[in-house]
Amino acid sequence: MVVGEVAIETDVVVIGGGPGGYAAAIRLGQLGLSVVLVEKDSLGGVCLNRGCIPSKALIHSATQFDSLRGLEKLGIELPEGTAAFRMAKWQAWKESVVSQLRTGVAHLCEANGVAVVKGSATFLSSDRIGVETGGDFETYKFRHAIVATGSRPFLPPFVERDGEIILDSTDALNLQEVPETLAIIGGGYIGMELGMAFAKLGSKVTIVEAAQDILPQTAASLSQVVKKQGKRLGITVKTGARVESVAVAEGRAQLTISTSQQGTQEQIAADKVLVTIGRVPNTGEIGLAQAGVQVDNRGYIPVDDACRTNVSHIYAIGDVTPGPALAHRAAKQGIVAAEVIAGLPSSVDSPYVPYVIFTEPQIAGVGLTKEEAEQHGYRVKAASFPYRANGKALATDEGEGFAEVIVDEESHLLLGMHIVGADASNLIGEGVLALELAARVEDLALTIHPHPTLSEVWLEAAEAALGHAIHIVNKAKVTR
Ligand code: FAD
């Protein structure tokens, strides 16, 4: 190792090139600051390389494959036994998508004057980082730093990932073949998304979840619709069940699980085991203590609305900060941190961070659920509209699900919008905008929605809240 003698000076160093870090670096470049973006692996981070994008590519292929089963009733006949899914071919396609996006990020960094350095960064003090780049070690002196080192899968002590039989989400997305049997530890959103995708591709999937229900952080009314589809796909769900141990013998895994209610033990055999029980922030090995940056007892870096840590010229964004681990939150924080550093008035001041779960069907939401709104002391009116009463949904054979609006009876302001059904991921955009613009339920009901489209489910849920939806029998209305 050669130790660099002269520190390279820059306005800002950004550590980590995921959706938070690269968005911050590009915005800093746009604002005319000199910026060094250090990434030890690949630009795009977890999201682009082994998270959002590859998982959605798998879900897309799996959904296309699964849809072949329902083609006959739509009048389409395929010759018997012709459909097959080749995971190795899919890998090549996925890689082409990921590499196209990665190249795009690299190009945008370059075009905005961002100096991208490939290497592993560590704080040496509150104004210097050291970067190991293979055999070399460079020192950078900064006026501001942004920590965007993201997160990694959490593995409990009773399982040892081997990447062959015991997998994390990255390994699962790199499989060359669809496993015949797949046990998934953890029925949160990553476990459910990947579990349903593999079930669509033909795996016999068992999901073991310690909580009393799958998707424990999601309203039960929404997750029930997904549960029903899980049954259709032949997925076995074991809730209130804890995995005690995982043993590997003769190329297979043996899980011992215990159920909290019955207190019984059960064995499950599987070709592959996917562990998706959470993620931990990458804050342990980047020298935060040398810079004086504090972490909480779970390793997350607390920040204020401007994404500042306790050291005022060092910022933290994305999965290293407390809050939902979502790419769009990371990107928003990155842009805010960059703007604050450049002296612009900017802050993460919106509570309306949407979430999407790419299950079958999809779930999405923004704002408060009915229960949360009641806990906040609102007098709440919740109204929903089913997909089965929407013409487009029936015409495209997607009649499962519903859209729900949560309304403050006092002011008629929309407090939350939640949806389970086809294309929920795209439909929630309207909800985010409505809440961000402080829309009243009348605003949604008075907005002309195009026909025939799934977006009409929002229109009619809003009308239902006012007691005059056209395509369902109305039960109640918001009162003053
Ligand atoms: P990351 O994307 O984790 O990037 C951090 C980067 O920092 C990495 O590239 C890492 O190599 C680099 N790094 C770490 N330490 C150092 C160091 N010392 N020096 C230099 N570089 C370093 N989110 C969504 O919003 N929607 C989804 O559909 C979605 N699906 C997901 C599916 C899966 C399977 C997974 C695992 C995650 C998914 N996520 C999704 C979550 C999303 O990927 C993360 O929230 C997002 O990537 C966080 O961005 P980030 O910039 O904070 O960090």
Side-chain angles (χ1 to χ4, degrees), residues 13-25 36-60 94 102 105 116-124 129-133 138 140 145-154 167-174 184 186 188-195 197 274-288 300-301 303 307 315-335 337 353-359 362-364 424-425 428:
V13 292
V14 180
I15 308 176
Y22 82 70
V36 172
L37 171 63
V38 190
E39 169 54 58
K40 67 176 180 183
D41 191 346
S42 300
L43 280 180
V46 169
C47 177
L48 202 164
N49 297 287
R50 45 194 184 278
C52 325
I53 300 299
S55 65
K56 269 76 247 182
L58 182 73
I59 290 163
H60 174 69
K94 172 201 83 177
R102 217 167 29 215
V105 173
V116 177
V117 174
K118 172 127 192 179
S120 186
T122 318
F123 283 99
L124 305 174
I129 57 159
V131 180
E132 264 196 82
T133 53
E138 296 283 4
Y140 293 83
I146 300 178
V147 183
T149 45
S151 63
R152 61 184 185 280
F154 170 72
L167 317 173
D168 62 19
S169 57
T170 305
D171 303 319
L173 291 166
N174 286 333
I184 301 184
Y189 90 91
I190 294 179
M192 288 305 299
E193 285 187 6
L194 295 180
L274 168 57
V275 188
T276 58
I277 55 170
R279 296 182 66 83
V280 281
N282 294 323
T283 52
E285 289 158 0
I286 52 172
L288 288 175
Y300 290 92
I301 307 173
V303 288
C307 300
Y315 297 70
I317 59 172
D319 284 10
V320 293
T321 62
L326 294 169
H328 43 277
R329 186 180 79 105
K332 174 70 183 173
Q333 287 180 308
I335 289 165
V353 180
Y355 72 92
V356 175
I357 304 174
F358 291 82
T359 40
Q362 298 175 354
I363 296 178
S425 57
I428 199 61

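A quick note: this is a predicted structure, and the numbers were derived from the prediction, not measured. Along the sequence shown, the residues carry numbers beginning at 1. We count ligands from 1, going down the list as the structure has it; atoms in each ligand are counted the same way.
Proximity of a side-chain donor or acceptor of T149 to a complementary backbone N or O of N282 within less than 3.5 Å is detected. Under the 3.5 Å distance criterion, the side-chain polar atoms of K332 are left unmatched by any main-chain donor or acceptor of V353.
If you check the side chains of R50 and S42, you find no donor sitting under 3.5 Å from an acceptor.
Near S120, meaning under 4.0 Å from one of its heavy atoms, ligand 1 places the atoms 18 (N), 19 (N). Set against the non-hydrogen atoms of I286, the atoms of ligand 1 under 4.0 Å away are 18 (N). Remark: ligand 1 atoms within the under-4.0 Å shell around heavy atoms of S151 are 3 (O). Residue contact check: C47 has heavy atoms under 4.0 Å from atoms 2 (O), 43 (O), 47 (O) of ligand 1.
Residues L43 and L37 are in side-chain contact: their nearest non-hydrogen atoms beyond the backbone lie under 4.5 Å apart. Using a 4.5 Å cut-off on side-chain heavy atoms (C-beta onward), K56 and I59 make contact. Taking the side chain as every heavy atom from C-beta outward, V147 and L288 approach each other to under 4.5 Å.
In D319, the parts holding a heavy atom less than 4.0 Å from any atom of ligand 1 are both the side chain and the backbone. When heavy-atom distances to ligand 1 are checked against a 4.0 Å cut-off, Y189 comes that close only through its side chain, counted from C-beta outward. Under 4.0 Å from ligand 1, the heavy atoms of S55 that appear belong solely to its side chain. Of the heavy atoms in A327, both backbone and side-chain atoms come closer than 4.0 Å to ligand 1. Using a 4.0 Å cut-off between heavy atoms, P54 makes no contact with ligand 1 at all. With a 4.0 Å cut-off on non-hydrogen atoms, I15 touches ligand 1 through its side chain and not its backbone. With a 4.0 Å heavy-atom cut-off, ligand 1 is reached by the backbone of T149 and by its side chain too.
For ligand 1, the polar-atom distance check against G318 finds no nitrogen or oxygen pair separated by under 3.5 Å. At least one N or O atom of L326, backbone or side chain, sits closer than 3.5 Å to an N or O atom of ligand 1. Between K40 and ligand 1, at least one pair of N/O atoms sits closer than 3.5 Å. At under 3.5 Å, a nitrogen or oxygen of G20, whether backbone or side chain, sits near a nitrogen or oxygen of ligand 1. Taking only nitrogen or oxygen atoms, main chain and side chain alike, I190 does not reach within less than 3.5 Å of ligand 1. At under 3.5 Å, not a single nitrogen or oxygen of V320, backbone or side chain, sits near a nitrogen or oxygen of ligand 1.
For atom 42 (C) of ligand 1, the nearest non-hydrogen atom from the set G51, C52, A330 belongs to C52. For atom 2 (O) of ligand 1, the nearest non-hydrogen atom from the set I357, V46, I317, N49 belongs to V46. Between G45, A148, G16, it is A148 that holds the heavy atom closest to atom 5 (C) of ligand 1.
At least one heavy atom of R279 sits under 4.0 Å from some atom of ligand 1. For G119, the closest heavy-atom approach to ligand 1 falls below 4.0 Å. The shell of residues lying under 4.0 angstrom from ligand 1, judged by heavy atoms, excludes Y22. The shortest separation from a heavy atom of K56 to ligand 1 is under 4.0 Å, placing the residue in contact.
The two residues P281 and Y300 come nearest to each other via the heavy atoms CD-CZ, 3.7 Å. Considering every non-hydrogen atom in both A364 and I428, the closest pair reads CB-CB, 3.7 Å. The nearest pair of heavy atoms linking V320 to G150 is CG1-O, 3.4 Å.
The closest protein non-hydrogen atom to atom 4 (O) of ligand 1 is G18 CA, 3.5 Å.
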Are R329 and T321 close enough, and set up right, to give a side chain to side chain donor-acceptor pair (under 3.5 Å), and what steps lead you there?
CA-CA 10 Å; R329 186 180 79 105; T321 62; 3.1 Å; yes
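Ion pairing between a basic and an acidic side chain is recognised when a charged N comes within 4.0 Å of a carboxylate O; E132 and K40 show no such pairing.
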